[in-house]
Amino acid sequence: MKKILIALAAAAGLTFASCDLDEYNPGAGDASLNAMSSWSGLQAYCYSCLSDQLYTASDWMFASEGGTDLWVAKTNGTGYKELFYYEDMTTSANSTNKLFKQCYSMITTCNSVINEAPNITIDLNAEVRDVLVAETKALRALYYYILVSNFGPVTLTLESNASVSGAIERYPKRSSEKAIYEQIIRDLTEAIPALGVKPYQNNKARFTKKGAIGLLARVYAQRAGLGDSKYGDGRTYWELCRDTAVDLIEHAATYEAKLYDDVYDMWADANNRNNAEALFITAGKNPLSGDDSFKYASWKNKLSAYSAANAGACSEFWNKNHKPSDKGYFYGRHNASAWMPTKYLMYCFDPTWDKRWEASWQYAYCEWSMVQCGWVGYNQGMITVTQAMCDKYGIDPSNVGKTIKPYADCDGIANTYAGNQFPAKIWKKGTTLETATKENLLTVDEVGTRKAYSVPYPVEADDDRFNIVSVHTDAELQTYKEGKSIFFAFKLSDLYDSNDYPYGGVPQGSEAGNPPAIGNGKTSAHNAYPSLTKFNWSYDGVFVAGDLQQKNGDMFIIRMAEVYLLAAEAEQMLGNGGEAAKYLNALRKRAARPGVNESVWKLSTATEDDVLDEYAREMCGEFNRWALLKRHNAFEDRLARYNKRAAKSFKPFHYNRPISNDFLQTILNAEEYGDNGYGATAASGIEGIE
């Protein structure tokens with residue numbers, strides 16, 4: 001198996017089949033490699049879990065974002081209740097079980113690459129070797145960071161051990177969190193000087209200086225939180241976090257790093273494959289690459305489907321096969337909805353000034369056509385409003401007999417590897433069946449960098465290109481009522497009851513009750529909550545026609561906005577609220593709508609809540625919320641305020657995720673090693689570890 005993996009690595013660079021999950025035990029490793037070609041191929045394989053599992057599958061997303069103040073299970077259901085609500089969470093929880101194994105699978109390979117580097121004798125290129133060793137140290141740091149921030153004290157091993165029956169695997173010992181963070185920091189500080197400003201072989205998915213520096217700032221912040229609660233040295237690490245983040249901000253040009261001036265640019269489809277704000281990415285497979293490597297890549301990014309609503313549940317607003325849960329040529333097939341935003345997250349955004357609202361969320365839904373390629377006529381995306389629809393959804397009856405027009409029009413571009421591509425353009429407001437030609441689609445200049453799913457706020461009352469629109473306030477609803485709008489509009493707060501539980505699902509005790517069905521009759525509108533669009537793209541080269549759930553764009557593991565947040569977070573924790581506000585204001589300024597007075601959005605000082613709220617607006621869904629709340633020891637407070645169902649089950653031991661059950665079943669000292677307090681072993685295993 002290892003020879004096969006090495007061959008694939010050498011042939012396809014960063015394009016691989018899968019992680020070898022049999023090699024997750026701390027200490028398992030590889031045989032000696034003394035040829036540069038096979039060694040460098042194995043080194044490339046160290047990246048594989050990023051694209052194949054961690055940043056394209058649901059497991060890490062749900063583990064890193066679930067159980068926080070940002071997300072709840074769709075319709076308050078029982079799906080993913082372990083991660084979202086800490087209910088019946090065990091060592092067998094699939095997401096955390098896989099996460100543990102995936103990280104160790106990569107760590108052991110990283111160890112082999114680093115340890116075997118001095119033994120290369122065939123076709124040695126010392127300069128390349130040193131760069132690749134630095135990359136591998138940065139990767140090992142990332143994998144260990146994920147482990148220690150999620151699982152607490154685990155096994156730290158830097159050994160390459162080919163024997164699966166070695167003592168390390170059979171009787172592993174935990175290392176202290178302090179020791180693990182020391183090694184992570186050592187790896188990164190050794191890697192940064194050897195890494196280039198530009199990536200090796202111009203491969204955008206490889207670590208560079210800016211990516212390693214950004215990760216180091218993140219690591220310092222997480223270690224600072226641990227210092228505040230356990231070691232008493234938090235201030236030292238907050239200072240290191242601040243200094244590292246500020247250095248990257250102030251010398252951004254030196255590192256070829258950048259913060260976009262306009263938040264639309266950050267999430268623009270045109271910038272996904274070459275994003276200037278990204279510090280470290282995992283590259284989505286690209287059928288336009290012109291080589292056969294696409295055929296060997298097996299990762300399937302369905303994150304847009306998991307984090308999307310099912311607006312198609314309001315079936316009256318969609319033609320046959322046009323619902324987002326059906327064909328999905330515009331939205332992608334949204335039939336795997338799993339989570340929804342909390343009321344807190346929705347009301348973190350003030351869309352009157354903050355463009356991050358539509359840059360991150362699909363808050364207005366529409367029908368679509370395919371005039372560009374001639375597949376679906378404009379008329380096939382038109383919906384005639386009926387009296388029954390008006391009665392059920394509270395639409396003004398003056399709209400009976402009128403038609404809701406398509407907003408989007410998808411192309412159908414043939415592709416050898418991935419099948420047809422369906423990039424969308426937008427119909428101009430006022431388009432009719434008679435004027436629905438390609439010339440009436442908005443041009444690139446007219447749209448700018450705004451993503452196709454980013455509907456400019458607010459939707460005008462007389463706009464007939466939308467069927468469902470969600471709003472924040474009664475005043476907005478009143479505007480649509482007075483304007484006799486043709487679309488169904490509802491207020492976001494109506495998705496939640498007085499305890500902020502979402503409509504539907506399991507009862508939560510005598511104090512809970514579902515809010516009334518939205519609309520004038522019994523509707524399914526609670527399924528049409530805003531959808532996160534950060535992982536939903538619409539451009540040539542991102543679709544996989546055989547499975548419209550997949551959108552294989554580049555994923556941003558670290559980006560410059562997070563560095564600004566880290567600088568603000570560190571300054572605030574050091575007592576410098578004014579300095580913290582300066583870095584938050586940089587993000588707020590680029591999100592502000594033109595013409596809005598800066599007094600509306602500008603902060604003079606920042607509290608801890610200000611920092612956590614800004615993280616929510618800027619980074620929601622980006623794999624960092626759980627770790628953020630952990631380093632602030634904020635679960636009890638934030639869950640009690642914003643995720644009451646999770647607060648009911650949260651216990652102090654939940655600050656560490658459960659140790660993998662598969663791992664515990666493999667080792668011979670499971671009772672000694674412990675499970676972090678989840679009941680599979682008599683003790684947690686972390687007692688007495690300094």
D409 with K425: basic N within carboxylate O range, under 4.0 Å: no
Judged by modelled atom types alone, do R273 and Y539 share a side-chain donor-acceptor pair under 3.5 Å? yes
If the plane angle is over 60° it's perpendicular, under 30° parallel, otherwise tilted; pick one for Y331 and H334. tilted
salt_bridge(K648, E87) N-O dist < 4.0 Å: no
Residue that, paired with W368, satisfies ring-ring contact (aromatic ring centres under 6.0 Å, His included) out of W318, F466, Y453, Y329: Y329
Would you please classify the geometry between the F422 ring and the W375 ring as parallel, tilted or perpendicular, with 30° and 60° separating the classes? perpendicular
SB check K392 E316 (cutoff 4.0 Å): yes
Decide whether N624 and E562 meet the rule of one side-chain donor and one side-chain acceptor closer than 3.5 Å. no
Just by distance, no angles: are the side chains of N467 and Y407 close enough, under 3.5 Å, to form a donor-acceptor pair? no
Do K551 and N536 have a side chain donor and acceptor closer than 3.5 Å? yes
Would you tell me whether T431 and N440 have side-chain atoms, one donor and one acceptor, within less than 3.5 Å of each other? yes
Find out whether Y457 and K355 are in side-chain contact, i.e. whether some heavy atom of one side chain is under 4.5 Å from a heavy atom of the other. no
Sidechain N-carboxylate O distance under 4.0 Å for R590, E277: yes
With no hydrogens and no angle check, just 3.5 Å: does a side-chain donor-acceptor pair link T443 and D445? no
Intermediate values then yes/no, ring-ring contact (aromatic ring centres under 6.0 Å, His included), F487 and F317: CA-CA 9 Å; F487 46 79; F317 293 102; 9.9 Å; no
Taking atom types as modelled, is there a side-chain donor on Y264 or E358 under 3.5 Å from an acceptor on the other? yes
Please determine whether a side-chain nitrogen of the Lys or Arg among K402 and D464 lies less than 4.0 Å from a carboxylate oxygen of the Asp or Glu. no
Pair S531-Y365, side-chain donor/acceptor within less than 3.5 Å: yes
Do D391 and Q387 have side-chain N/O donor and acceptor atoms under 3.5 Å apart? yes
Any chance the side chains of T342 and N643 put a donor and an acceptor closer than 3.5 Å? no
Say whether, by atom type as modelled, one donor and one acceptor occur between the side chain of N552 and the main chain of N301 under 3.5 angstrom. yes
Which label fits W357 and Y363: parallel for a plane angle under 30°, tilted from 30 to 60°, or perpendicular past 60°? tilted
Verify the distance criterion only: is there a donor paired with an acceptor across the side chains of W427 and S369 at less than 3.5 Å? yes
Assess whether a salt bridge exists between K429 and E460, defined as any Lys/Arg side-chain N lying under 4.0 Å from an Asp/Glu carboxylate O. yes
Donor-acceptor pair, distance only, cut-off 3.5 Å: does the side chain of S360 make one with the backbone of R356? yes
Decide side-chain hydrogen bond (donor to acceptor under 3.5 Å, both in side chains) for T479 and K481; before the verdict, give the C-alpha distance in whole Å, the side-chain angles of both, and the deciding distance to 0.1 Å. CA-CA 5 Å; T479 296; K481 182 177 180 180; over 6 Å; no
Full working for ring-ring contact (aromatic ring centres under 6.0 Å, His included) between F62 and W339: CA-CA 9 Å; F62 289 175; W339 64 359; 5.4 Å; yes
Salt bridge flag under 4.0 Å for residues D500 and R645: no
D609 bridged to R641 by N-O distance under 4.0 Å: yes
Between the side chains of K302 and D547, is the shortest nitrogen-to-carboxylate-oxygen separation below 4.0 Å, so that they form an ion pair? yes
With the threshold set at 4.0 Å, does a side-chain nitrogen-carboxylate oxygen contact exist between E598 and K589? no
With a 4.0 Å cut-off on N to O distance, would you call D350 and R588 a salt bridge? no
Between E618 and Y564, do the side chains contain a donor N or O and an acceptor N or O under 3.5 Å apart? no
